[in-house]
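Start at 1 and go down the list; that is how both ligands and their atoms are numbered.
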Amino acid sequence: MNIILLGAPGAGKGTQARNLVEKRGMVQLSTGDMLRAARTSGTEMGKRVAEVMDRGELVTDEIVIGLIGEALDSASASGGVIFDGFPRTLAQADALGGLLGEKGLALDGVIELRVDDEALVDRITGRFTCGNCGEVYHDRTKPTKVAGQCDVCGSTDLQRRADDNEDSLRQRLMEYYKKTSPLIGYYHAKGDLHVVDGLAPVAEVEAAIAAALKA
Ligand code: AP5
């Protein structure tokens with residue numbers, strides 16, 4: 001099963017993708033994670049990407065389509081792919097359709113995690129993640145059990161993202177409404193869209209996704 005998780009910054013795409021990986025053995029392809037890996041590589045491309053991400057703008061279609069194309073080569077043999085944060089423009093959506101078609105793969109559903117902007121500020125400014133295993137936390141709603149230590153792997157490398165501040169979030173939301181939200185209509189017209197209430201507790205969102213996918 002190959003699915004897209006669509007939603008504004010902080011809607012819960014990464015959190016739900018990790019659940020699907022853990023419980024269904026799917027592979028998560030997050031362009032945000034790929035770009036963060038590129039920015040730490042120190043290459044010229046990585047430096048350019050870092051500036052764009054910190055401003056809260058979208059990286060070029062060419063770069064992210066290239067990253068997904070490469071990742072899909074190794075992921076397509078697995079038990080299904082979750083596209084997390086990709087596609088984010090109509091050009092990316094068309095490119096994904098082409099890439100899947102070339103590999104004889106189908107898109108089984110698009111989940112839109114719907115939230116309101118007010119909740120997103122709280123989610124984004126309170127978020128931190130484990131630098132070792134990627135577990136996602138929140139200062140108020142999901143703190144670690146032992147302060148400063150990841151519940152899953154015990155690492156003390158807990159990190160906050162450079163773009164998780166109010167200024168950058170405002171720009172990320174603007175980009176979302178201008179460039180990504182047209183995908184809601186695009187996938188609705190294709191009959192692939194399922195809308196899920198992303199404001200519900202994590203377990204309820206997970207159940208709603210399973211129900212939408214009938215699996
Ligand atoms: P990316 O890394 O994709 O970030 P994003 O879309 O802004 O989404 P986030 O990771 O911020 O949020 P999320 O929806 O995964 O929420 P999470 O589960 O962590 O992209 C970053 C940047 O990279 C972009 O701005 C752009 O520059 C670039 N980029 C990436 N892809 C690109 C592309 N395709 N094209 C061009 N540029 C691209 O949850 C957030 C918090 O809320 C956590 O603390 C979590 O614990 C909490 N939470 C989650 N669910 C719930 C719930 N149900 N109830 C309560 N709390 C919850």
Side-chain angles (χ1 to χ4, degrees), residues 4-21 28-39 46 48-69 71 82-96 111-130 134-144 151 158-181 183 196-209:
I4 294 171
L5 293 181
L6 189 63
K13 304 180 294 294
T15 300
Q16 294 301 328
R18 286 180 66 79
N19 275 334
L20 290 163
V21 169
Q28 175 188 13
L29 295 187
S30 157
T31 38
D33 287 349
M34 292 175 201
L35 291 166
R36 279 183 285 281
R39 65 183 286 167
R48 282 201 308 277
V49 160
E51 284 169 19
V52 174
M53 290 175 84
D54 289 350
R55 285 200 301 270
E57 293 169 8
L58 292 188
V59 172
T60 63
D61 289 336
E62 194 190 354
I63 289 179
V64 289
I65 291 166
L67 288 171
I68 282 288
I82 308 148
F83 296 97
D84 165 9
F86 180 92
R88 261 175 150 100
T89 63
L90 290 167
Q92 291 178 23
D94 283 338
L96 178 61
I111 303 289
E112 183 205 347
L113 295 173
R114 195 165 283 181
V115 288
D116 61 43
D117 294 358
E118 225 169 280
L120 297 178
V121 177
D122 176 60
R123 284 194 185 179
I124 289 290
T125 53
R127 171 172 56 188
F128 58 100
T129 54
C130 174
E135 186 67 7
V136 184
Y137 295 97
H138 188 275
D139 291 324
R140 193 173 46 76
T141 57
K142 194 187 164 192
T144 53
D151 297 350
L158 301 176
Q159 304 176 350
R160 288 183 196 267
R161 276 168 43 178
D163 58 345
D164 275 356
N165 57 72
E166 280 197 47
D167 282 348
S168 185
L169 175 61
R170 239 188 309 278
Q171 183 60 35
R172 283 156 70 193
L173 278 172
M174 191 68 85
E175 293 282 81
Y176 178 77
Y177 290 120
K178 263 192 343 206
K179 298 175 184 167
T180 308
S181 64
L183 297 185
V196 165
D197 176 14
L199 288 174
V202 172
E204 285 179 27
V205 176
E206 192 185 334
I209 292 174

With heavy-atom distances below 4.5 Å as the criterion, would you say the side chains of [X] and [Y] are in contact?
{"X": "Leu120", "Y": "Tyr176", "result": "no"}
{"X": "Arg55", "Y": "Gln171", "result": "no"}
{"X": "Asp151", "Y": "Glu135", "result": "no"}
{"X": "Met34", "Y": "Ile68", "result": "yes"}

Evaluating non-hydrogen atoms only, which member of Met34, Arg88, Gln16, Glu51 is closest to atom 32 (C) of ligand 1?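 Looking at heavy atoms only, the winner is Arg88.
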Nearest candidate to atom 18 (O) of ligand 1, where distance is taken over non-hydrogen atoms, out of Leu58, Thr15, Asp197: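 Considering heavy atoms of Leu58, Thr15, Asp197, the nearest to atom 18 (O) of ligand 1 sits in Thr15.
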Yes or no: does [X] have any heavy atom under 4.0 Å from an atom of ligand 1?
{"X": "Lys142", "value": "no"}
{"X": "Ala200", "value": "yes"}
{"X": "Gly7", "value": "no"}
{"X": "Gly198", "value": "yes"}

Distance under 4.0 Å to a non-hydrogen atom of [X]: what atoms of ligand 1 satisfy this?
{"X": "Phe86", "result": "34 (N)"}
{"X": "Glu57", "result": "26 (C), 27 (O)"}
{"X": "Ile124", "result": "11 (O)"}
{"X": "Gln92", "result": "33 (C), 34 (N), 35 (N), 36 (C)"}
{"X": "Arg172", "result": "5 (P), 7 (O), 11 (O), 25 (O)"}
{"X": "Val202", "result": "50 (N), 51 (C), 52 (C), 53 (N)"}
{"X": "Gly14", "result": "13 (P), 15 (O), 18 (O)"}

Residue and atom name of the nearest protein heavy atom (relative to [atom]), distance in Å to one decimal:
{"atom": "atom 28 (C) of ligand 1", "result": "Leu35 CD1, 3.5 Å"}
{"atom": "atom 21 (C) of ligand 1", "result": "Arg161 NH2, 3.5 Å"}
{"atom": "atom 19 (O) of ligand 1", "result": "Arg127 NH1, 2.6 Å"}
{"atom": "atom 12 (O) of ligand 1", "result": "Gly10 N, 2.9 Å"}
{"atom": "atom 43 (C) of ligand 1", "result": "Val136 CG1, 3.6 Å"}
{"atom": "atom 22 (C) of ligand 1", "result": "Met53 CE, 3.7 Å"}
{"atom": "atom 8 (O) of ligand 1", "result": "Lys13 NZ, 3.2 Å"}
{"atom": "atom 41 (C) of ligand 1", "result": "Arg123 O, 3.7 Å"}

Check [X] against ligand 1 and report side chain, backbone, both or neither, counting heavy atoms closer than 4.0 Å.
{"X": "Arg36", "result": "side chain"}
{"X": "Asp84", "result": "neither"}
{"X": "Tyr137", "result": "backbone"}

Side-chain donor or acceptor of Glu206 paired with backbone N/O of Leu20 under 3.5 Å: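 Looks like no, no N/O pair under 3.5 Å.
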